[in-house]
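Following: one structure in structure tokens, then a few remarks.
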Amino acid sequence: MAIATGEAAPRLFGLRLTLGPLGERRFRSFRANARGYWSLHIFLVIFVVSLFAEVIANDRPIMVSYDGALLFPFMTVYPETRFGGDFPTEAEYRDPFVVELIEEKGWILWPPIAFSYRTINYELPQPAPSPPSGWFFQSPVKCGIGSPRLCANYLGTDDQGRDVAARALYGFRLSVLFGLALTLFASVVGIVAGAVQGFFGGWVDLIFQRVIEIWTSLPTLFILIILASIIVPGFWSLLIVMVFFSWPALVGVVRAEFLRARTLDFVRAAQALGVSNLGVMWRHILPNAMVSSMTFLPFVLSGAVTTLTSLDFLGFGLPPGSPSLGELLQQGKNNLQAPWLGITGFLVLAFMLSLLVFIGEAVRDGFDPRKTFA
């Protein structure tokens with residue numbers, strides 16, 4: 001069905017999209033799923049906000065005016081001597097002495113949450129884990145560095161006195177970035193493997209199928225736990241290890257598309273004209289295979305986030321102290337007397353995965369030919 005003349009072009013966040021007739025039809029099918037369409041908006045807003053976590057939750061001020069100069073401590077390290085102190089080391093802005101030095105000749109602008117994910121609050125009203133504080137219906141929090149807001153923990157603290165709200169914000173960003181990186185690298189490997197397997201068929205397809213069957217039958221979680229206990233844990237090392245076990249996710253879909261498309265007339269025509277196998281795969285078959293692959297990517301992303309959270313919960317994921325949702329859930333399990341730990345971790349993770357599932361459903365509708373060409 002052709003698009004009506006003069007119909008407004010599709011928009012996302014108010015921005016006009018130029019997608020072509022087929023792309024516009026797919027976008028309109030995607031937008032018809034209101035739950036997924038608005039889930040995309042909400043997810044992107046939260047993710048973009050989390051990218052600026054250092055401005056929202058930090059133990060260093062956003063801006064300092066001192067002696068007529070504007071300084072940005074959240075971006076640059078300033079020694080204490082810069083503010084008239086005695087030590088050439090980095091200024092400790094939560095030290096009442098440093099605060100007093102700055103306020104003698106200027107002012108301090110703190111972020112909404114005056115804690116980073118690793119900051120320990122030494123002025124807790126009770127031993128850690130401390131319950132939520134700083135809300136308007138509660139008694140003001142005593143704070144030795146100024147306003148009670150600077151010592152308030154709106155979602156409480158963990159068992160080490162670190163702010164739960166800051167750790168949840170940084171943990172959301174870390175989980176999404178890790179999931180996106182894993183989805184990207186695993187998808188590239190899986191698409192290449194599926195393309196080679198489906199295009200050449202025969203013995204290549206048979207051997208690849210046996211390898212994938214053996215590979216996917218391995219106890220992935222146990223192998224990840226063993227490897228994580230051997231290698232030094234880190235973002236990139238864990239990512240590389242997980243890519244080895246995540247790439248088969250798209251192989252079957254891409255393989256099926258290549259097996260179907262390699263016998264079509266336009267592929268045979270390209271081969272008859274002397275186009276190389278790589279050219280046929282890249283220019284003529286892969287664009288069609290990507291249509292079905294795109295519908296799986298949100299679900300692959302949610303699976304990557306879930307796997308990272310599971311490993312962190314078991315203690316075999318990111319290094320200790322990392323702002324991890326899995327580590328937050330683990331602390332909730334170990335501190336049942338502090339329900340705000342488990343509840344916060346569960347709600348953040350459940351909300352994130354729900355948004356990704358809703359987005360995946362909308363993407364599937366957008367690429368469904370029965371709806372796109374209706």
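The figures that follow rest on heavy atoms only: side chains count, while hydrogens, waters and symmetry mates do not.
The shortest distance between side-chain heavy atoms of Y154 and R149 falls below 4.5 Å. The side-chain heavy atoms of P131 and Q126, taken from C-beta on, include a pair separated by under 4.5 Å. Side-chain contact between L70 and S65 is present, with at least one heavy-atom pair separated by less than 4.5 Å. In this structure, S50 and V176 have side chains that are not in contact, with every pair of non-hydrogen atoms separated by 4.5 Å or more. Taking the side chain as every heavy atom from C-beta outward, P320 and E327 never approach each other to under 4.5 Å. When side chains are defined from C-beta on, L325 does not count as touching D312, because their heavy atoms never get closer than 4.5 Å. Taking 4.5 Å as the limit, every side-chain heavy atom of F245 sits out of range of all side-chain heavy atoms of T307. Side-chain contact between D159 and N334 is absent, with no heavy atoms from C-beta onward closer than 4.5 Å.
Among L180, L250, V363, the single residue meeting the side-chain contact (heavy atoms from CB on, under 4.5 Å) criterion with L297 is L250.
The CG atom of D86 sits 9.5 Å away from the OG1 atom of T81 when rounded to the nearest 0.5 Å. In this structure, CG in N58 is found 8.5 Å from CH2 in W110, a value given to the nearest 0.5 Å. Going from atom CD1 of I120 over to atom CZ of R162 covers 7.0 Å, rounded to the nearest 0.5 Å. Summarising the geometry, atom CD belonging to E100 is positioned 10.0 Å from atom CG belonging to D95; distances are rounded to the nearest 0.5 Å. Residue L353 holds its CG atom at 9.0 Å from CG of L301, rounded to the nearest 0.5 Å. Note that CG of L169 is 10.0 Å distant from CD1 of I46, once rounded to the nearest 0.5 Å.
The two residues P248 and W215 have their closest heavy-atom pair at CG-CD1, 4.0 Å. Closest approach of A261 and I285 over heavy atoms only: CB-CG2, 3.7 Å. Across W340 and L155, no two heavy atoms sit closer than the pair CD1-O, 3.4 Å. Annotation for L40 and F30: closest pair CD2-CZ, 3.7 Å, computed over non-hydrogen atoms. Minimum interatomic distance between R82 and A69 (heavy atoms only, all atoms of both residues): NH2-CB, 3.8 Å. Nearest heavy atoms, V280 versus F199: CG1-CE1, 3.9 Å.
Stacking of R94 on the aromatic ring of F115 is recorded, both the 6.0 Å distance cut-off and the 45° axial limit being met.
Side chain of N335 to backbone of A338: no donor-acceptor contact under 3.5 angstrom is found. Judged by distance alone, the side chain of S39 and the main-chain N or O of I359 form no donor-acceptor pair under 3.5 Å. Under a 3.5 Å cut-off, the side chain of S324 and the backbone N or O of G326 do form a donor-acceptor pair. Remark: the backbone N or O of G279 is paired with a side-chain donor or acceptor of S276 at under 3.5 angstrom. The backbone N or O of L355 lies less than 3.5 Å from no partner atom in the side chain of R35, so there is not a single donor-acceptor pair. Judged purely by atom type and a 3.5 angstrom limit, T344 has no side-chain atom pairing as donor or acceptor with the backbone of L341.
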| message | Before you tell me yes or no, could you show the steps for I223 and V241 under side chain to side chain contact (heavy atoms under 4.5 Å, CB included), namely the whole-Å CA-CA distance, both residues' side-chain angles and the distance that decides it to 0.1 Å? | response | CA-CA 10 Å; I223 295 177; V241 170; over 6 Å; no

| request: Evaluate side chain to side chain contact (heavy atoms under 4.5 Å, CB included) for F178 paired with L239, printing each intermediate quantity in order. | output: CA-CA 7 Å; F178 186 91; L239 178 65; 3.9 Å; yes

| message | For a side chain to side chain contact (heavy atoms under 4.5 Å, CB included) check, start with the C-alpha distance between M281 and F258, then their side-chain angles and the critical distance, and finish with the verdict. | response | CA-CA 8 Å; M281 294 168 63; F258 270 77; 4.0 Å; yes

| task | Could you go through the side chain to side chain contact (heavy atoms under 4.5 Å, CB included) check for V204 and V196 one step at a time? | result | CA-CA 8 Å; V204 175; V196 172; 4.2 Å; yes

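Q209 pairs by the side chain to side chain donor-acceptor pair (under 3.5 Å) definition with Q197, not counting sequence neighbours.
Atom CH2 of W282 has 12 or fewer heavy atoms from other residues, nucleotides or ligands within 6.0 Å. Other residues, nucleotides and ligands contribute more than 12 heavy atoms inside 6.0 Å of the CZ atom of F172.
Identified under the side-chain hydrogen bond (donor to acceptor under 3.5 Å, both in side chains) test for residues 172-189, with sequence neighbours left out: E54-R173.
A salt bridge links R255 with D205: the closest approach of a Lys/Arg side-chain nitrogen to an acidic carboxylate oxygen falls below 4.0 angstrom.
Aromatic rings of F185 and W247 (six-membered ring for Trp) have centroids beyond the 6.0 Å cut-off, not under it.
Residues W236 and L177 share a single hydrophobic cluster, defined by chaining ILVMFWY side chains whose heavy atoms lie under 4.5 Å apart. Following chains of ILVMFWY side-chain contacts shorter than 4.5 Å, one can reach L182 starting from M294, so the two form part of one hydrophobic cluster. Hydrophobic clustering (ILVMFWY, side-chain heavy atoms < 4.5 Å, transitive): F200 and L278 are in distinct clusters. Placement of L328 and I113 in two distinct hydrophobic clusters is found when ILVMFWY residues are connected by side-chain heavy-atom separations under 4.5 Å, directly or transitively. In the hydrophobic clustering of ILVMFWY residues, with side-chain heavy atoms under 4.5 Å counting as a link, F87 and L101 come out apart.
The aromatic rings of Y170 and Y117 sit tilted, their planes meeting at an angle between 30° and 60°. Ring orientation note: the planes of F72 and F74 are nearly perpendicular, at an angle over 60° on the 30°/60° scale.
With 3.5 Å as the limit, one finds a donor-acceptor pair spanning the side chains of N121 and N153.
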